[in-house]
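Chain naming here is simple, since letters A, B, ... match the order of the sequence lines and numbering starts at 1 in each.
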Number of protein chains: 4
Amino acid sequence: MQTQDPAKRRLILASAARLFAEQPFHDVTLEQVATAARVGKGTLYVYFASKDQLYTAAVAEGLSDLAGTIDERLRVTPADAPVRLSAIVEELLGFSRRYPHLFALMRSGHPIAGSGELDAARRRVASRIEVVLRDGVERGQIDDPRPDLTAQFALAMVRASLLYGPVDAPHADLAAQILRVLLRGVAAAPN
Amino acid sequence: MQTQDPAKRRLILASAARLFAEQPFHDVTLEQVATAARVGKGTLYVYFASKDQLYTAAVAEGLSDLAGTIDERLRVTPADAPVRLSAIVEELLGFSRRYPHLFALMRSGHPIAGSGELDAARRRVASRIEVVLRDGVERGQIDDPRPDLTAQFALAMVRASLLYGPVDAPHADLAAQILRVLLRGVAAAPN
Amino acid sequence: MQTQDPAKRRLILASAARLFAEQPFHDVTLEQVATAARVGKGTLYVYFASKDQLYTAAVAEGLSDLAGTIDERLRVTPADAPVRLSAIVEELLGFSRRYPHLFALMRSGHPIAGSGELDAARRRVASRIEVVLRDGVERGQIDDPRPDLTAQFALAMVRASLLYGPVDAPHADLAAQILRVLLRGVAAAPN
Amino acid sequence: MQTQDPAKRRLILASAARLFAEQPFHDVTLEQVATAARVGKGTLYVYFASKDQLYTAAVAEGLSDLAGTIDERLRVTPADAPVRLSAIVEELLGFSRRYPHLFALMRSGHPIAGSGELDAARRRVASRIEVVLRDGVERGQIDDPRPDLTAQFALAMVRASLLYGPVDAPHADLAAQILRVLLRGVAAAPN
DNA sequence: TATGAATGAGTATTCATTCAT
DNA sequence: GATGAATGAATACTCATTCAT
């Protein structure tokens, strides 16, 4: 063995992300992470310098992934603001289905040294939404004086619907209600 | 049991609420709480059975307070849905100014034991909003098929604007944007 | 229990001193110290902030004791340099009998943060010897241009005779040989 | 086994000796040793079976060297006891200048396993001194009933003068004082 | 032979909880 | 009731050693 194994790194990261999403930071032990990833405890330290760093990497990786997914989706979506917002909300909910725990992680609140990194990753996701809103304003489809806040609202609504909505609600229903409020909330006057 | 001092209880609760809001659950030590409340560590156990229970009590108490505050405000507010929603959002933001930490405390991811109590307290606040929305529907002012979700959205938007909005944004601006999106989002068709 | 118990502190210190003398710093576990002192592991931290601090305190305490013992002995010893030197060597060897491990500790080499404190304690012992030598020079009994070095030699000879001398040699024999070399080595010319 | 490179072995040994002299046994990591010797961590195990063995080999090697150096010097030194003792002390101090860490390494308190080998190496050095003393006794130049102890004293004095003497004292001054005390201490009566 | 990734046993330290005073 | 000394379970992290390449 000469070189660090990127597959093993991803495995550890994925195991950690799942556990961190299921339980608060301090309740996740590195023993658990190591067991979940089927590696020795010491191996974690070959790839990550500390528990904090592992946590940060797990969340940042997830958010980065999310931003990439949204970008790809937007690339194949027509330049219509409501359509694009729908696409984003769909992606957010779809992401939460693929990574059931990561979305809860987005803000479960372990303030950390490298928090800047996380904030940046989060902002990168939010900025996708904000850009779509601003485009819509220019195109006359959106009437919103504060797209920066609205972008945060969109994320917050997705999160709230997942955390506090009825447990068994289909994502389609959640998406419909989020988009209903959001799109009517920022729609430009009909004429 | 006989002579338990309610003032001391409140003092402990207030100190705990502040600390729990500033740091994650596991980073708050009972030593800190005791010091902040100027009591001995053992005294905490005279009033609360465990750290978990103290945490739960602190958050539940805060949310209960909030629900009471909203109730009082609604009592003196006319039966007009948009006006009542505005009043609630104002109260939420005002409350967050008086108890700067409570909304941060609403983050998820903590002692799952007793979680029921917390969820209930949160639902009690949300239900105030939901009731106002349903009233509005009946009065023909609101068009919203899922007031339960919308109520959660309202809370989430307040929270997001506080946590992720510009640090120095005046509450009035935040309130305006929240209400703008929210009210237009659920407004009944003009005629 | 309101106040820290000085007897318990001494008990911990004594247990620690013995263990640290028997084994190198890193081979002594706090588990062992706690068990030896018949206290819980956490109790160690009530009295000492860290393992390093416990180590430093143990050695410093021992050296302090030694300096005190020497002072007392000198107080009842006539102002004759050879006699006083004999008394000191006797005390050093006697001390090593009472605290069989502490003497080895005097220099088993764990360079530590509070090392200054230890060096100071060591110097305090050495200075007793140096003072006696200087007095002897003034009285014309001693001829020694470097009492500072000779004081260190005296300590070193005691230590070497204990560590590297025949295991079963009686202290009296060791004392005799140390004093023989030392006293002749610094004696003023006969006339 | 076939191609073991003696130069690499020496390099490892030298790096280890330096590190062990600078820090206590447990604070030296094999990672450090490997880095210092510019070899892989695994390579250390090609040449030495364990950390303990590496330590033992490093010290023993050093002491062996020292014994050899003394032997060579004595071979060219006249058969006069004081002269030969002077030569030995000079060699000891000179050796400590070339291998500044070796004498610090002579501190006690390390892997008791293999301790026999180290004690033997130390005794081999001491025996050189002892032999010179016994020769002197036979020649009527030395009066010393315990040359075994005195030999240990000589080593101890060198060590103490290096470790606890003034930091900037020239070796010549240290040698002078050591010899002064030592030679007068064991000198036969003038006539 | 040389390497360094992988491993897991070992340990200092923290902290919720208990209980004697 | 109030206190804080006492406790030991729990956990992040280190590092000597192994072994596949």
Side-chain angles (χ1 to χ4, degrees), chain A residues 1-5 8-9 12 26-35 37-54, chain B residues 1-5 8 25-35 38-55, chain C residues 1-5 8-9 26-35 37-54, chain D residues 1-5 8 25-35 38-54:
Chain A
M1 275 125 195
Q2 208 86 349
T3 206
Q4 288 196 6
D5 182 347
K8 189 164 289 188
R9 195 190 135 92
I12 292 172
H26 270 98
D27 289 350
V28 176
T29 71
L30 292 185
E31 185 84 45
Q32 287 176 61
V33 176
T35 301
R38 294 170 192 263
V39 298
K41 226 183 323 172
T43 306
L44 302 180
Y45 285 86
V46 173
Y47 292 88
F48 301 94
S50 68
K51 187 183 178 184
D52 271 18
Q53 208 160 108
L54 175 57
Chain B
M1 269 297 180
Q2 200 95 343
T3 327
Q4 273 208 8
D5 181 349
K8 192 168 284 188
F25 182 77
H26 270 99
D27 289 350
V28 176
T29 69
L30 292 187
E31 184 85 43
Q32 287 176 62
V33 176
T35 301
R38 294 171 191 264
V39 299
K41 228 187 320 174
T43 305
L44 302 180
Y45 284 84
V46 172
Y47 292 89
F48 302 94
S50 70
K51 187 184 180 186
D52 273 18
Q53 205 159 111
L54 175 57
Y55 174 85
Chain C
M1 273 124 194
Q2 209 85 348
T3 205
Q4 288 196 6
D5 181 348
K8 189 164 289 189
R9 194 190 137 91
H26 271 98
D27 289 350
V28 176
T29 71
L30 292 186
E31 185 85 44
Q32 288 176 62
V33 176
T35 300
R38 294 170 192 263
V39 298
K41 228 184 320 174
T43 305
L44 302 179
Y45 285 85
V46 173
Y47 292 89
F48 302 94
S50 69
K51 187 182 179 185
D52 272 17
Q53 206 159 111
L54 175 57
Chain D
M1 267 297 182
Q2 199 95 344
T3 327
Q4 274 207 5
D5 181 347
K8 191 167 286 190
F25 182 77
H26 269 98
D27 289 350
V28 176
T29 69
L30 293 187
E31 184 84 44
Q32 286 177 64
V33 176
T35 300
R38 294 170 192 263
V39 299
K41 227 186 322 177
T43 307
L44 302 180
Y45 284 84
V46 173
Y47 293 89
F48 301 94
S50 71
K51 187 184 179 185
D52 273 17
Q53 205 158 112
L54 175 57

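Across the protein-nucleic acid pair, His26(D) atom NE2 and dG10(E) atom C1' stand 10 Å apart, rounded to whole Å. When rounded to the nearest whole Å, the span between CD of Gln32(B) and P of dC15(E) equals 8 Å. Atoms CG (Asp5(B)) and P (dA2(F)) sit 7 Å apart, rounded to a whole Å. If you take CG of Leu54(D) and C1' of dC15(F), they are 15 Å apart, rounded to a whole angstrom. Put simply, NZ on Lys51(B) is 8 Å from P on dT17(E), counting in whole angstrom units.
With rounding to the nearest 0.5 Å, the separation of CD in Glu31(B) from OG1 in Thr35(B) is 5.0 Å. Atom-to-atom distance recorded for Leu44(A):CG and Lys51(A):NZ is 11.0 Å, nearest 0.5 angstrom.
Within the nucleic acid shown, Val28(C) comes within 4.0 Å of sugar-phosphate atoms alone, with no base atom in reach, counting heavy atoms only. Across all strands, Phe48(C) comes closer than 4.0 Å to no nucleic acid atom at all (heavy-atom distances). Using a 4.0 Å heavy-atom distance criterion, Thr43(C) is classed as a base contact. Within the 4.0 angstrom heavy-atom criterion, base atoms lie near Lys41(B).
For the pair Arg38(A) and Thr29(C), nearest-nucleotide mapping onto DNA chain E gives the more 5' position to Arg38(A). Nearest-nucleotide mapping onto DNA chain F: of Val39(B) and Glu31(A), the residue sitting toward the 5' end is Val39(B). Comparing Leu44(B) and Leu44(C) along DNA chain F, the residue whose closest nucleotide (by nearest heavy atom) sits nearer the 5' end is Leu44(B). Along DNA chain E, the nucleotide closest to Asp27(C) and the one closest to Ala49(B) are compared, and the more 5′ of them pairs with Asp27(C).
With dT17(E), dC15(E), dT7(E) as the candidates, the nucleotide lying closest to the side chain of Leu30(B) is dT17(E). The Ser50(C) side chain lies nearest to dT13(E) when the options are dA5(E), dC15(F), dT13(E).
An OP1 or OP2 oxygen of dA5(E) is reached within less than 4.0 angstrom by no side-chain nitrogen or oxygen of Tyr47(A). In terms of phosphate contacts, Tyr45(B) brings no side-chain nitrogen or oxygen within less than 4.0 Å of OP1 or OP2 of dA2(F).
Contact check for Asp5(A) versus Tyr47(A): side-chain heavy atoms found under the 4.5 Å cut-off. Side-chain contact between Val39(C) and Val46(C) is absent, with no heavy-atom pair separated by less than 4.5 Å.
Between the side chain of Gln4(C) and the main chain of Arg9(C), no donor-acceptor pair closer than 3.5 Å is present.
dT21(E): Watson-Crick or G-U partner is dA2(F), with both key distances under 3.5 Å. The nucleotide dA16(F) finds its pairing partner in dT7(E), both defining distances of the Watson-Crick or G-U wobble pair being shorter than 3.5 Å. The base-pairing partner of dT11(F), taking Watson-Crick or G-U wobble contacts with both distances under 3.5 Å, is dA12(E).
Of all heavy-atom pairs between Asp27(C) and Gln32(C), the closest is O-NE2, 3.2 Å.
Residue Lys8(B) places no side-chain atom within donor-acceptor reach of the base of dG1(F), judged by atom type and a 3.5 Å distance cut-off alone.
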